[in-house]
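Data first, discussion second: the structure below is written as structure tokens.
Below, chain A is the first sequence line, B the second, and so on; all start at residue 1.
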Amino acid sequence: MLDLRYVAQNFDEVVARLSRRGTVELGEFKRLFGERRELNVQIEKLRSESADVGALLSPGKQPVTREVRGTSYVQPLGDEQKNELRALSKELKEKSKDLEGKLKEIESQLDQILLTVPNLPHASVPEGRSSEQNVVVRVVGERPQFDFEPKPHWEVGESLGILDFERASKISGARFAVYKGLLARLERALASFMIDVHTSRGYTEVLPPFLVNRASMTGTGQLPKFEEDSFKTCGDPELFLVPTAEVPVTNLHRDEVLEGDQLPIKYCAFTPCFRREAGSYGKDTRGLIRQHQFQKVELVKFCRPEASYDEHEALTADAEEILKRLGLHYRAVSLSAGDLGFSAAKCYDLEVWLPAQQTFREISSCSNFEDFQARRANIRFKPSAKEKPQFVHTLNGSGLAVGRTVVAILENYQQKDGSVLIPEVLRPYMGVDAIRKA
RNA sequence: GGAGAGAUGGCCGAGCGGCUGAAGGCGCUGGUUUGCUAAACCAGUAUACGGGGACAACCUGUAUCGAGGGUUCAAAUCCCUCUCUCUCCGCCA
């Protein structure tokens, strides 16, 4: 979330920057902020008074002198004075309790607003309201040529007998798939390959819980706004199935103060991801593109604020490395302000070429969240032993979405005879050079 | 599922109704001493939000001893509820 005081002090600027995304939802922020300050001052005054009363009534080692309500009291006190002060203290407590109630109400309203306001887009983010205005920053590799009509991945998979949507829907419903034989192995091979590449490049592998609590979901920005997108366990304890490893991995350091020289911290994690895909009823109903459950290797970084944009480029390059090694044609696009995710200040999508649809599809999304998640999740670092802790910057990106990588391989490496070649780098993991009809 | 124990500052650990933001230790920072290292000694060492000051140093107010309520003139300390952690038994893997 955004910093309360920053918003208050730079209100117009914040509104202007948010409006690049489209809607601005700051509601009654200004009025509430003013009331909050006023109440705070009043409450502190009352408390200070009652602390004086407390000191006078307490049998301390040294005699105490205090001025309360214009009268000065000197210990030792007479009974009458004591009774006076006791009565006053009660009154003060009641008053401040009353005001505290009001303050609480206002703070929760302010919180509500801040928790649902998205991050400010970075200056380098392209102008625009939708994906139409995303800017292609580079195109890598060559579009594969086919001397036959390339089939969509679901046809490739089903005709090889390694992909089964019908049985998946019997077991679970729409938007699920069953992989069999070498396709199941391909998923495993890809995950291992990706993790091996990333760990060799300085990422620490993490296997986190796949069920997380509400605080974790709030920390990374999924809640409170997008609850309908997630799967939730019923009752007690209330847990959410992770929509991405970003959630558990970023929350590894929630409420922690990291040492400055530990940074940057780089993690990678292979996990399943669960998404309701609410509101996407007509979209991508065929194939593996949009599933309720898929697997992903995620990269997560914690770094110093001044390093985050360099780290963002580097993280994107790390994700791209996988595509390059797999020989897949792709492009990188910088998302326009309006297409940016809720928590992101800047985001590159990597889009892989899918020949059957003659289109690029998102296979990775690499975001810099600046301190937006760190503030929600309270993740700080000490720049040096002497300095105060400050919020880290967090980043993450898919490296890559494994399910969609399977799609890309099935489509780009399909052969005229219906078989699928295995990219060179995966062969040690697969033990075969192609998937052929049994 | 049954029976217990506990949650205090970066960490360990006292305190169990009243100048206690909280002893002591460790760690950390600065200094002294020292051929280097080590050690010893001295000093400093929480965070947040207000007010003053130059959005500096600094001064000052308030809050914070797992969370929330209650008792009391006064709560880290007493009571209630919740959360989490740990130990033992059972159960499952």
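- Put simply, the side chain of A:Q133 gets close to the backbone of A:R129: a donor and an acceptor are under 3.5 Å apart.
- Atom CD of A:E13 is surrounded by more than 12 heavy atoms from other residues, nucleotides or ligands within 6.0 Å.
- No option in A:R66, A:R69, A:K93 other than A:R69 meets the salt bridge (Lys or Arg N to Asp or Glu O under 4.0 Å) test with A:E49.
- The partner of B:rU29 is B:rA43, judged by Watson-Crick or G-U wobble contacts that both fall below 3.5 Å.
- Between the side chain of A:R375 and the backbone N or O of A:M1 there is at least one donor-acceptor pair closer than 3.5 Å.
- For A:S48 and B:rU62, the shortest distance from a side-chain N or O to OP1 or OP2 is below 4.0 Å.
- Between the CD atom of A:E49 and the P atom of B:rA74 there is a distance of 14 Å, given to the nearest Å.
- Using bins of under 30°, 30° to 60° and over 60° for the plane-to-plane angle, the ring pair A:F226/A:F342 lands in the perpendicular bin.
- Nucleotide B:rC86: paired with B:rG4 (Watson-Crick or G-U wobble, both distances less than 3.5 Å).
- Side-chain contact, A:D164 with A:Y179: no donor N or O sits under 3.5 Å from an acceptor N or O.
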Query raised in the report: When you check every protein heavy atom under 4.0 Å of nucleotides 65-72 of chain B, what one-letter string (B, S, -) results, 5' to 3'?
Result: ---SSS-B

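- Within the shown strands, B:rC73 is the pairing partner of B:rG18 under the Watson-Crick or G-U definition, both distances less than 3.5 Å.
- Residue pairs meeting the side chain to side chain donor-acceptor pair (under 3.5 Å) criterion with at least one partner in residues 296-307 of chain A, sequence neighbours excluded, are A:T244-A:K296, A:K296-A:E298, A:K301-A:E311.
- Atom C1' of nucleotide B:rA74 and atom CG of A:N83 are separated by 15 Å, given to the nearest angstrom.
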Between N or O atoms, less than 3.5 Å apart, protein on one side and nucleotides 49-51 of chain B on the other: list the pairs.
| from | atom 1 | to | atom 2 | distance (Å) |
| --- | --- | --- | --- | --- |
| B:rC49 | OP1 | A:R5 | NH2 | 2.9 |

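- Across all strands, A:L85 comes closer than 4.0 Å to no nucleic acid atom at all (heavy-atom distances).
- Between A:H312 and A:Y309, the ring planes are perpendicular. Angles over 60° get that label, and only those under 30° would be called parallel.
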